Amino acid sequence: MQACDSNWITTRGPQVDAFEREVCAKVGAGRGVALASGTAALHLSLLVMEVKPGDEVLCSDLTSPAAANAIAYCGASPVFIDSSPTTWNMDPGLLEEELESCSKEGRMPKAAIVVDLYGQCADYDNIMEACNRYEIPLIEDAAEALGATYKGSFAGRLGAMGAFSFGGNKIVTTSGGGMLISDNEEYIAKARFLSTGARDPFLHYEHPSIGYNYRLSNLLAAVGRAQLERLDEKIIRKRKINEFYRKALGGFPGVEFMPHAPYGRSNCWLTVILINCEEFGAEREMEKKGERLL
Ligand SMILES: Cc1ncc(COP(=O)(O)O)c(C=O)c1O
């Protein structure tokens with residue numbers, strides 16, 4: 001109601017500022033820019049890293065298409081790194097192998113986008129070691145992982161920049177929205193500039209580069225603030241739902257849950273099972289084919 005009463009309904013205003021401050025305070029980040037989507041956050045992170053047509057960017061393969069799309073928006077190519085069965089996230093060993101062969105061939109990727117799948121952080125110590133060795137900037141796709149932790153650090157804080165989504169199905173939603181966070185003020189200032197049409201701060205309109213209309217509205221930021229207050233409660237509930245399914249389905253042959261990695265605490269945003277069709281005795285498409293599932 002404050003957002004409506006104040007008449008600030010556009011893509012700036014006190015609710016947007018407060019939402020940025022509150023998300024940063026929650027996860028311990030230096031700066032954040034509230035955006036129209038998580039995809040916009042990933043796209044801007046690549047523009048900040050000056051990813052250009054013809055570049056390559058490493059990314060996780062088991063994830064939403066958002067990272068690969070953002071890479072394609074820059075005219076660059078995604079190079080997919082497969083997942084580890086122990087975390088379902090990017091396998092640090094495969095990342096290391098790829099970086100080693102890139103280095104031998106003299107074609108280094110411009111950045112790596114690593115997802116925290118279904119609310120569980122990737123194995124960052126090993127991933128960061130490989131990225132640091134080859135000086136590859138790491139962008140954390142924490143779209144699904146708000147409130148999750150890795151060795152005491154909050155998701156979104158583990159790379160040079162972190163992207164959140166506040167899409168309709170996320171743990172905190174603004175109906176549609178996102179945020180890019182970083183401790184590097186210059187990165188966030190550049191993303192903010194690009195997200196508001198790349199307008200120089202003059203009284204007249206001057207746009208020195210190609211900009212985007214990527215900001216979150218003040219009305220939606222107010223929804224996000226109300227949601228954020230309940231994040232801890234929501235994580236407790238999501239973790240209980242995960243427990244419920246583990247108990248209910250864990251005994252079936254051929255049913256495997258995403259393992260809880262020992263290095264952190266997942267927000268259990270989504271509970272997903274992997275089915276070995278032969279052991280389980282049914283496959284995903286059976287219902288479509290008119291066969292009974294169980
Ligand atoms: C892992 C991941 N990355 C990025 C995104 C993109 O976020 P958005 O839908 O807000 O653009 C999503 C959400 O769909 C996601 O699940």
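Order of appearance sets the numbers: ligands from 1, and atoms from 1 within every ligand. Quantities reported herein were computed from a predicted structural model and do not represent experimental measurements. One-based numbering along the sequence shown.
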Salt bridge check: are Arg133 and Glu100 linked by an N-O gap of less than 4.0 Å? no
Quick one: do Lys190 and Glu185 make a salt bridge, cutoff under 4.0 Å? no
Where's the contact between Thr63 and ligand 1, heavy-atom distance under 4.0 Å: side chain, backbone, both or neither? side chain
Which is it for Ser37 and ligand 1 at heavy atoms under 4.0 Å: side chain, backbone, both or neither? both
Nearest non-hydrogen protein atom, [atom]:
atom: atom 2 (C) of ligand 1; value: Ala143 CB, 3.4 Å
atom: atom 5 (C) of ligand 1; value: Ala66 CB, 3.6 Å
atom: atom 16 (O) of ligand 1; value: Glu144 OE2, 2.5 Å
atom: atom 11 (O) of ligand 1; value: Thr39 OG1, 2.5 Å
atom: atom 9 (O) of ligand 1; value: Ser165 OG, 4.0 Å
atom: atom 14 (O) of ligand 1; value: Lys170 NZ, 3.2 Å
atom: atom 3 (N) of ligand 1; value: Asp141 OD2, 2.8 Å

Criterion side chain to side chain contact (heavy atoms under 4.5 Å, CB included) against Leu216, the qualifying member of Val33, Thr174, Leu35, Val223: Thr174
Ring pair (Phe, Tyr, Trp, His ring centres under 6.0 Å) assessment of Phe19 paired with Phe166: CA-CA 12 Å; Phe19 189 42; Phe166 305 119; 5.0 Å; yes
Ligand 1 contacted by Gly177 (non-hydrogen, < 4.0 Å): yes
Quick check: are there more than 12 heavy atoms from other residues, nucleotides or ligands sitting under 6.0 Å from OH of Tyr245? no
Of Arg192, Lys26, Arg12, Arg225, which is the lone residue that meets salt bridge (Lys or Arg N to Asp or Glu O under 4.0 Å) with Glu20? Arg192
Any side-chain heavy atom of Tyr124 sitting closer than 4.5 Å to one from Val114? yes
Those atoms of ligand 1 less than 4.0 Å from some heavy atom in [X]:
X: Ser64; answer: 2 (C), 3 (N), 4 (C), 5 (C), 12 (C), 15 (C), 16 (O)
X: Gly38; answer: 7 (O), 8 (P), 10 (O), 11 (O)
X: Val115; answer: 1 (C)

Can Arg199 be said to sit on top of Phe193's aromatic six-ring, NZ or CZ under 6.0 Å from centre and within 45° of the ring axis? no
